[in-house]
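Source: prediction; values computed, not measured. Residue numbers start from 1 in every chain, and the chains themselves are labelled A, B, ... in the order their sequence lines are given, proteins ahead of strands.
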Protein chains: 2
Amino acid sequence: MKQPAIIRDKENSNAALKAGRNRNRAQKVSEVIKDWILELRLFPGDRLPQEPELIAKLGVSKGTLRESLKILETQGLIKTRTGPGGGAFISEMEKGLANSLLATHFFFKDVSISDIYELRIIMEPQLARNVCGYINETQIEILREKMTYYNYPPVSIVEEQSQREKELEFHEIMAGFCQNELLRFNCQFLVQLLKELIICKKIYQKPNPELREKGLTYQEQLLTAFTNKDSETAHLVLQAHMLEAKSLMLAQEAHFKRGFLKG
Amino acid sequence: MKQPAIIRDKENSNAALKAGRNRNRAQKVSEVIKDWILELRLFPGDRLPQEPELIAKLGVSKGTLRESLKILETQGLIKTRTGPGGGAFISEMEKGLANSLLATHFFFKDVSISDIYELRIIMEPQLARNVCGYINETQIEILREKMTYYNYPPVSIVEEQSQREKELEFHEIMAGFCQNELLRFNCQFLVQLLKELIICKKIYQKPNPELREKGLTYQEQLLTAFTNKDSETAHLVLQAHMLEAKSLMLAQEAHFKRGFLKG
DNA sequence: AGATATTTGTTCGTATGTATT
DNA sequence: TAATACATACGAACAAATATC
């Protein structure tokens with residue numbers, strides 16, 4: 001594993017740049033710029049020098065520099081704007097991008113519903129327990145409002161699918177309240193995978209009234225637990241919810257490769 | 001959320017390309033190519049058309065095409081080779097790249113040891129339970145061999161740190177045996193975060209003999225459980241292990257921003 | 001081992017688009 | 001509206017890498 005070079009002066013960076021003849025220039029340049037970001041302690045909102053200056057300092061052509069910036073942009077580290085005062089700005093990688101990159105990672109892998117629920121069964125209860133500690137009335141109300149989208153039997157297959165999506169969004173929103181970024185990201189990513197599953201593979205075609213009804217009951221119990229600040233009950237309720245959902249879903253088990261690429 | 005267009009013919013793709021004047025051309029081109037990959041059912045190893053052909057079919061300049069390919073390369077979806085028979089090849093994103101992209105996501109976020117262990121406490125036991133089902137003697141032997149690096153008291157601070165790393169690698173290897181890609185990736189990513197913590201922030205400077213000794217005991221119990229195919233014991237042992245490790249680590253709690261950028 | 005053909009990688013000059021003033 | 005400052009896009013020429021003979 002490469003040793004992170006937090007401090008490295010410009011001269012050395014450029015030297016390293018010129019030395020490396022064996023590999024891609026654009027990638028090396030992007031790493032040099034990364035070093036600058038660390039070195040100059042740049043934070044989101046700060047601007048990088050403009051193209052001509054970067055070209056001069058790095059000693060590369062416009063095309064190569066643009067490829068390098070594309071790399072950083074793809075990694076979500078910068079964003080570029082045109083016009084006066086424009087240029088490349090440090091930016092915090094947004095959630096959607098990280099999701100889509102990770103989804104690309106699982107693009108050719110074989111992920112099953114069973115795999116997803118193996119994680120959801122342990123993560124969602126923990127999420128509930130965590131969030132319970134500091135969730136407020138306003139946030140509980142947002143969750144309750146989301147439930148109104150599916151607190152009645154669907155009249156069509158289209159509505160059934162829409163309700164499934166809303167039910168997943170309930171979990172997505174709850175995760176959004178979580179202050180542990182790792183836990184939040186994980187839970188939301190799993191929900192995204194399931195959503196893609198709905199859209200792409202068109203499973204859940206058959207009505208599954210039991211799933212909706214039981215889910216609703218669990219979620220009502222969950223909100224009660226939230227109101228009472230009863231984190232252990234919240235944990236248990238969601239554990240039961242997930243176990244139930246898993247067994248109901250496995251009836252329609254389907255492996256899905258590919259298809260959840262685009263973010 | 002955008003509707004994934006699994007099937008989309010070339011004409012439509014190009015039409016969509018020409019229509020979009022409001023945004024980045026290179027990015028749109030890269031999405032068109034992604035669509036092609038889906039549409040043509042290309043898999044790792046398959047080759048994309050060569051630059052001149054892509055330029056012709058997409059109606060863009062060479063520079064733009066190269067930026068587009070850079071995007072896909074950064075996302076880990078393709079790799080390019082020069083020379084006869086060269087070109088852009090579909091490739092499976094390697095683990096390291098996914099790790100580094102995700103690490104970039106948490107670059108500006110505040111992740112604490114407590115956050116990491118909140119996840120490890122639930123994931124590692126599940127990992128043990130899962131792996132226990134199919135781990136074989138050879139694999140157990142690999143784990144046992146790794147333990148020899150730290151089954152004795154360290155004589156220096158340097159060795160202490162090295163032992164900590166090896167102990168983390170024990171978990172990394174165990175995760176590598178997991179057949180649930182999601183679970184495997186998560187566990188390994190958490191280990192990577194902890195490793196970066198060792199390197200960058202130099203916590204664990206102070207000797208912590210208790211951590212090593214108790215960890216060793218737990219891991220021995222774990223291997224026994226593996227040998228006996230006793231998944232519930234494996235689960236319980238690792239749960240105790242993680243709880244213990246968390247409390248011992250929190251004594252040295254330190255938040256760490258930045259610094260684990262580069263892959 | 002060396003020459004050659006093929007294909008990506010890099011550069012530069014120029015032109016166009018776009019947001020600010 | 002016009003001028004300005006900047007990114008974005010294009011095309012042709014050249015350099016480097018690699019497989020094949």
Practice problem: Anything under 30° is parallel, anything over 60° is perpendicular, the rest tilted; go ahead and classify Phe106(A) against Phe185(B). | Solution: perpendicular

Quiz item: Whole-Å distance between dA17(D) C1' and Glu51(B) CD?
Solution: 13 Å

Quiz prompt | Rounded distance in Å - CG (Leu69(B)) to P (dT8(C)) | solution = 9 Å

Practice problem: State whether a side-chain donor-acceptor pair under 3.5 Å links Asn130(A) with Glu118(B). | Solution: yes

Quiz item: Distance check: side-chain N/O of Thr82(A) vs OP1/OP2 of dT18(C), anything under 4.0 Å?
Solution: no

Quiz item: So, the side chain of Glu31(B) versus the backbone of Lys28(B): is there a donor-acceptor pair under 3.5 Å, distance only?
Solution: no

Quiz prompt | Under 3.5 Å donor-acceptor pair, Lys70(B) side-chain atoms to dG9(C) base atoms | solution = no

Quiz item: Of Ser61(A) and Gly83(A), whose nearest nucleotide on DNA chain C comes first from the 5' end?
Solution: Ser61(A)

Quiz item: Tell me: NZ of Lys79(B) to P of dT8(C), nearest whole Å?
Solution: 17 Å

Quiz item: Closer than 4.0 Å, any side-chain N/O of Arg66(B) to the OP1 or OP2 of dT10(C)?
Solution: yes

Quiz prompt | Glu73(A) and Lys70(A) ion-paired at < 4.0 Å | solution = yes

Quiz item: Taking atom types as they are modelled, is there a donor-acceptor pair under 3.5 Å from the base of dT10(C) to the side chain of Lys62(A)?
Solution: no

Quiz prompt | Euclidean distance, atom CZ of residue Phe89(B) to atom P of dA17(D) [Å, nearest integer] | solution = 18 Å

Self-check item: Separation of dC12(C) C1' from Leu65(A) CG (nearest whole Å)
Solution: 14 Å

Quiz item: Picking from dC10(D), dT18(D), dT10(C), which would you name as closest to the side chain of Val60(B)?
Solution: dC10(D)

Quiz prompt | Residue whose nearest DNA chain D nucleotide is more 5′ - Thr80(A) or Arg81(B) | solution = Thr80(A)

Exercise. Give Gly85(B) one of three labels, base, sugar-phosphate or nothing, depending on what nucleic acid heavy atoms sit under 4.0 Å from its own.
Key: sugar-phosphate

Quiz item: Nearest of dA19(C), dA7(D), dT8(C) to any side-chain atom of Pro52(A)?
Solution: dA7(D)

Self-check item: Any side-chain heavy-atom pair of Asp115(B) and Glu181(A) under 4.5 Å
Solution: no

Exercise. Check every strand shown and say whether Gln50(B) touches a base, only sugar-phosphate, or nothing at a heavy-atom separation below 4.0 Å.
Key: sugar-phosphate

Self-check item: Member of Glu141(B), His171(B), Glu172(B), Lys166(B) meeting the side-chain contact (heavy atoms from CB on, under 4.5 Å) criterion with Lys146(B)
Solution: Lys166(B)

Quiz item: Picking from dA9(D), dA7(D), dA19(C), which would you name as closest to the side chain of Asn24(B)?
Solution: dA9(D)

Quiz item: Taking atom C1' of dT8(D) as reference, at what distance in whole Å does atom CD1 of Ile71(B) sit?
Solution: 13 Å

Practice problem: Write down the distance between CG (Leu48(A)) and P (dA7(D)), rounded to a whole number of angstrom. | Solution: 10 Å

Quiz item: Does Thr64(B) make a side-chain N or O approach to OP1 or OP2 of dT8(D) shorter than 4.0 Å?
Solution: no

Practice problem: Round to a whole Å and report the spacing from CD of Glu73(A) to C1' of dA7(D). | Solution: 11 Å

Exercise. Ignoring backbone atoms, establish whether Arg25(B) has a side-chain N or O less than 4.0 Å from OP1 or OP2 of dG17(C).
Key: no

